[in-house]
Amino acid sequence: YILTDGYVGKLYFDKDGRYTCGDAELDVIVADILKQIIEENPDADRFTLLREAFEYSTYSFTYLRKDPYLMGATGWEIEDAKKMFQDTRGNCYYFAGAFWSLAQGLGYEAEAVSGTCTGTHQPHAWVIIEFDGEDYFFDPQWQNNYHTREMDDMDMFMIPMDKIWYWTY
């Protein structure tokens, strides 16, 4: 059975039964990137593909300081994801939007979040995905930052929510 023109949770499937974020241009970009990731990892399960999508979102782009949104802002994910995929540089919102869109394309009900982090409460964005009733935290921009600073022992992929206190999100 293929769902057409309906939702599974927050994920929408169009009249042809394909997932869509609601933006045809981003849907094509995401489908092309996921096709490449899947072809490079033909035996990977969906969770491994999520990790690959996270790494793509982390290491394919360059950080570029831009004005942040206000804490709690919503609706930025699609445009910032498209800009990141097109320009290959952006701030934390762009990194989060890119990963959010790829995770959604893999069928995860990802949520892009706008808030603050660090002791200075600087504006920041990240992604949350629920697994077995528990929320987990994903931050591709901070992972990119750690990698740039050669701190590759830090891993911002799938952190349990009770462990994010370190970054004061």
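We're numbering straight along the sequence, starting at 1. Here the structure is a predicted model, which is why all the values come from computation and not from measurement. What's counted below: heavy atoms across the whole structure, side chains too, no hydrogens, waters or symmetry copies.
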Using the rule that Ile, Leu, Val, Met, Phe, Trp and Tyr join whenever any side-chain heavy atoms are under 4.5 Å apart, tell me whether [X] and [Y] fall into a single cluster.
| X | Y | answer |
| --- | --- | --- |
| L64 | W142 | no |
| F138 | M151 | yes |
| Y7 | L106 | no |

Side chains of [X] and [Y]: does their closest heavy-atom pair fall under 4.5 Å?
| X | Y | answer |
| --- | --- | --- |
| S101 | F85 | yes |
| L34 | L102 | yes |
| M156 | Y146 | yes |
| D5 | Y12 | yes |
| L26 | E79 | no |
| Y56 | I33 | yes |
| T62 | T88 | no |
| D139 | H124 | yes |

Spatial distance of atom [atom1] ([X]) from atom [atom2] ([Y]) [nearest 0.5 Å]:
| X | Y | atom1 | atom2 | answer |
| --- | --- | --- | --- | --- |
| M154 | R149 | CE | CZ | 9.0 Å |
| C117 | Q122 | SG | CD | 4.5 Å |
| K10 | Q104 | NZ | CD | 8.0 Å |

Worksheet item: What pairs with D155 under side-chain hydrogen bond (donor to acceptor under 3.5 Å, both in side chains), at least two apart in sequence or on another chain?
Response: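 Scan of D155 (side-chain hydrogen bond (donor to acceptor under 3.5 Å, both in side chains), adjacent residues dropped) gives R51.
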Worksheet entry | side-chain hydrogen bond (donor to acceptor under 3.5 Å, both in side chains) involving Q143 - partner list, sequence neighbours excluded |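 So Q143 forms a side-chain hydrogen bond (donor to acceptor under 3.5 Å, both in side chains) with Y59.
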Item to complete: Give a yes or no on whether R46 atom CZ has more than 12 heavy-atom contacts from other residues, nucleotides or ligands under 6.0 Å away.
Response: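 More than 12 heavy atoms, drawn from other residues, nucleotides or ligands, come within 6.0 Å of this atom.
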Worksheet item: Between N91 and Q141, does a side chain to side chain contact (heavy atoms under 4.5 Å, CB included) hold up when you go through it step by step?
Response: CA-CA 7 Å; N91 65 12; Q141 189 269 309; over 6 Å; no
Closest contact, heavy atoms only, [X] versus [Y]:
| X | Y | answer |
| --- | --- | --- |
| N41 | I37 | ND2-O, 2.8 Å |
| V30 | G105 | CG1-CA, 4.1 Å |
| W76 | G97 | CZ3-N, 4.0 Å |
| C92 | P123 | SG-O, 4.3 Å |

Worksheet item: Is the distance between the ring centroids of Y108 and F131 under 6.0 Å?
Response: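 Centroid separation for Y108 and F131: below 6.0 Å.
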Discussion item. Taking the six-membered ring for Trp, are W126 and F137 closer than 6.0 Å centroid to centroid?
Written reply: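 Close enough - the centres of the two rings lie under 6.0 Å apart.
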Worksheet item: Of F99, Y136, F54, which is the lone residue that meets ring-ring contact (aromatic ring centres under 6.0 Å, His included) with F157?
Response: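 Among F99, Y136, F54, the one that satisfies the ring-ring contact (aromatic ring centres under 6.0 Å, His included) with F157 is F54.
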Discussion item. Please evaluate residues T148 and N145 with respect to the criterion side-chain hydrogen bond (donor to acceptor under 3.5 Å, both in side chains), reporting the C-alpha separation (whole Å), side-chain torsions for both, the decisive distance (0.1 Å), and the verdict.
Written reply: CA-CA 5 Å; T148 300; N145 182 36; 5.7 Å; no
Worksheet item: Can you check whether A110's main-chain N or O pairs, donor with acceptor, with W100's side chain at less than 3.5 Å?
Response: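 Indeed, once roles are kept as given, a pair shorter than 3.5 Å links the two residues.
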Worksheet item: Any sub-3.5 Å donor-acceptor pair from D14's side-chain atoms to D16's backbone N or O?
Response: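 Checked: pair present.
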Worksheet item: What pairs of residues pass the side chain to side chain donor-acceptor pair (under 3.5 Å) test when at least one of them lies in residues 23-34, not counting sequence neighbours?
Response: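 For residues 23-34, and leaving out neighbouring residues, the side chain to side chain donor-acceptor pair (under 3.5 Å) pairs sorted by first residue read T20-D27, D23-K82, E25-K82, E25-Q86.
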Discussion item. Does the plane of the ring in F95 sit parallel, tilted or perpendicular to the ring in F61? Use 30° and 60° as the thresholds.
Written reply: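 Judged by the thresholds at 30° and 60°, the geometry between F95 and F61 is perpendicular.
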Fill in: Verdict with supporting geometry, E111 and I129, side chain to side chain contact (heavy atoms under 4.5 Å, CB included)
CA-CA 6 Å; E111 178 183 356; I129 302 174; over 6 Å; no
Discussion item. Go through it in stages, so that I can follow the logic: the residues are I38 and L49, the test is side chain to side chain contact (heavy atoms under 4.5 Å, CB included), and I'd like the CA-CA distance, side-chain angles, deciding distance and then a yes or no.
Written reply: CA-CA 7 Å; I38 291 166; L49 294 174; 3.8 Å; yes
Item to complete: Evaluate side chain to side chain contact (heavy atoms under 4.5 Å, CB included) for H147 paired with D152, printing each intermediate quantity in order.
Response: CA-CA 5 Å; H147 178 71; D152 291 318; 2.9 Å; yes
